[in-house]
Amino acid sequence: MQFSEIEKRVYTLIVKSGSKGVLQRELTTLLGIDSRKGSRVAKSLEKKGLIIRKPVLYKGRWTYQLIAKKKVVAIPKGAIYDCPCFLCKFIDKCAPGLERSPTKCNMLTEWLLSLDD
Ligand code: SF4
């Protein structure tokens, strides 16, 4: 997937904003881009399946709340040592697209979810 520099900046901002997201109209003040460009970039990120654009009424005007589909998981200091991958017998055979993959591993998913406690 290819990204322009402005798409990277906007996506990074949206991801960092977490579940509350960013209002599309805020892109102008937060990143200094005009509203037409902000709209174009947001639509492009939505088309790439990276964000959700949810219509919201803000101060009497319609705009979009931009929310990342992926969550950022903050790994507490030291917790990385408990990552199941380090002791996993499949580590050499695990990669995206293979039978064993971090994207479909229950052990890894459970460990990541335990960090959210
Ligand atoms: S993602 Fe799962 S299968 Fe792959 S190395 Fe880590 S624990 Fe093992």
Side-chain angles (χ1 to χ4, degrees):
M1 198 178 305
Q2 299 253 329
F3 295 96
S4 66
E5 275 309 307
I6 191 65
E7 284 178 326
K8 286 181 197 169
R9 288 177 61 207
V10 171
Y11 185 57
T12 300
L13 177 71
I14 295 168
V15 168
K16 283 182 178 174
S17 73
S19 58
K20 72 177 172 63
V22 174
L23 294 177
Q24 186 171 298
R25 62 189 311 186
E26 290 178 319
L27 295 177
T28 305
T29 49
L30 295 173
L31 296 177
I33 57 176
D34 68 54
S35 60
R36 279 178 47 197
K37 191 169 199 166
S39 173
R40 212 169 37 243
V41 170
K43 283 181 188 171
S44 172
L45 292 173
E46 181 184 42
K47 196 172 171 185
K48 288 175 177 168
L50 298 172
I51 66 167
I52 297 166
R53 289 172 76 228
K54 184 176 154 192
V56 289
L57 197 57
Y58 179 74
K59 292 185 178 176
R61 296 183 63 184
W62 285 100
T63 184
Y64 290 95
Q65 187 178 14
L66 310 175
I67 304 166
K69 285 188 173 178
K70 285 188 177 177
K71 272 178 70 177
V72 174
V73 177
I75 299 178
K77 199 172 182 180
I80 193 74
Y81 298 113
D82 294 330
C83 176
C85 301
F86 293 130
L87 297 174
C88 181
K89 63 183 177 184
F90 303 112
I91 188 85
D92 294 332
K93 299 178 179 109
C94 181
L98 298 182
E99 187 179 335
R100 300 265 178 194
S101 165
T103 58
K104 53 186 180 185
C105 174
N106 288 338
M107 290 184 290
L108 185 59
T109 301
E110 284 172 21
W111 176 71
L112 288 168
L113 290 173
S114 76
L115 298 175
D116 224 9
D117 294 341

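Whatever order the structure lists ligands and atoms in, that order sets their numbers, starting from 1.
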Peer 1: Within ligand 1, which atoms have a heavy atom of Ile91 less than 4.0 Å away?
Peer 2: 5 (S)
Peer 1: Between Ser39 and Ser35, is there a donor-acceptor pair closer than 3.5 Å when you use the side chain of the first and the backbone of the second?
Peer 2: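 Looks like no, no N/O pair under 3.5 Å.
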Peer 1: What I want to find out is whether Lys8 reaches Glu5 closely enough, with some N-O distance under 4.0 Å, to be called a salt bridge.
Peer 2: yes
Peer 1: Taking atom NZ of Lys104 as the centre, does the number of heavy atoms from other residues, nucleotides or ligands within less than 6.0 Å exceed 12?
Peer 2: yes
Peer 1: Using a strict cut-off of 2.8 Å, how many protein N/O/S atoms surround atom 2 (Fe) of ligand 1?
Peer 2: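 N, O or S atoms of the protein closer than 2.8 Å: 1.
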Peer 1: Find out whether the Lys NZ or Arg CZ of Lys48 is both under 6.0 angstrom from the six-membered ring centre of Tyr11 and within 45° of the ring's axis.
Peer 2: no
Peer 1: With the side chain counted from C-beta on, respond yes when Val15 and Lys70 share a heavy-atom pair under 4.5 Å apart, and no when they do not.
Peer 2: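 No, too far: nothing below the 4.5 Å cut-off.
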Peer 1: Compare all side-chain heavy atoms of Glu99 with those of Lys93 and state whether any distance is below 4.5 angstrom.
Peer 2: no
